[in-house]
Amino acid sequence: MRNLLLLILLAGVVFGQGTGANITGTITDSSGLAVAGAKVRAINVDTNVGRNAETGQDGGYSLLFLPIGRYRVEVEAAGFKKFDRSGIVLGVNRQA
């Protein structure tokens with residue numbers, strides 16, 4: 001199985017005004033090609049509440065207006081090994 005790469009996950013954490021935060025990024029395969037239709041899920045590890053997104057044709061995704069807290073992000077796509085990243089901390093007006 002090929003591996004998914006999570007490009008710009010941490011660098012792509014974007015904060016807006018208010019009490020929430022966003023996670024945006026691009027999913028690519030090991031050769032750098034975009035993975036369209038990948039399922040992305042951000043799970044707040046303190047509440048176990050998740051939010052879902054799906055990548056577009058360019059491999060991009062956005063999870064907007066997430067409550068601040070600690071998150072784990074999972075990515076799944078047909079023909080690829082599941083990707084899991086933990087230790088993501090979202091805070092208001094703070095770069096994770």
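Note that this is a predicted model, so its numbers are computed, not measured. Keep in mind that the numbers below use all heavy atoms, side chains included, and drop hydrogens, waters and symmetry copies. Start at 1 with the first residue, then count along the sequence.
Side-chain contact between Y61 and T24: absent, with no pair of heavy atoms (C-beta onward) separated by less than 4.5 Å. Residues I88 and R72 are not in side-chain contact: their nearest non-hydrogen atoms beyond the backbone lie 4.5 Å or more apart. Residues L66 and N22 fail the side-chain proximity criterion, which asks for heavy atoms closer than 4.5 Å. Put simply, the side chain of V75 does not reach to within 4.5 Å of the side chain of K82, judged on heavy atoms. Between Y71 and L90 there is a side-chain heavy-atom pair separated by less than 4.5 Å. Counting only heavy atoms from C-beta outward, the side chains of E74 and S86 never approach each other to under 4.5 Å.
Minimum interatomic distance between S62 and A53 (heavy atoms only, all atoms of both residues): O-CB, 3.8 Å. Residues A38 and A77 approach most closely at CB-CB, 3.9 Å, considering heavy atoms. When all heavy atoms of G69 and N44 are compared, the closest pair comes out as CA-ND2, 4.3 Å.
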Q | Criterion side chain to side chain contact (heavy atoms under 4.5 Å, CB included) on L63 and V40, from CA distance to verdict | A | CA-CA 9 Å; L63 293 158; V40 181; 4.1 Å; yes

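Under the salt bridge (Lys or Arg N to Asp or Glu O under 4.0 Å) criterion, R70 pairs with D46, not counting sequence neighbours. When the salt bridge (Lys or Arg N to Asp or Glu O under 4.0 Å) test is applied to D58, no partner is found at least two apart in sequence or on another chain. The side chain to side chain donor-acceptor pair (under 3.5 Å) search around R41 returns N52, not counting sequence neighbours.
The CZ atom of R51 lies 9.5 Å from the CZ atom of F65; values are rounded to the nearest 0.5 Å.
A salt bridge links E54 with K39: at least one charged nitrogen is closer than 4.0 Å to a carboxylate oxygen.
Of the candidates V49, V73, N48, N48 is the only one forming a side-chain contact (heavy atoms from CB on, under 4.5 Å) with I43.
With hydrogens and angles disregarded, no donor-acceptor distance shorter than 3.5 Å links the side chain of T55 to the backbone of I27.
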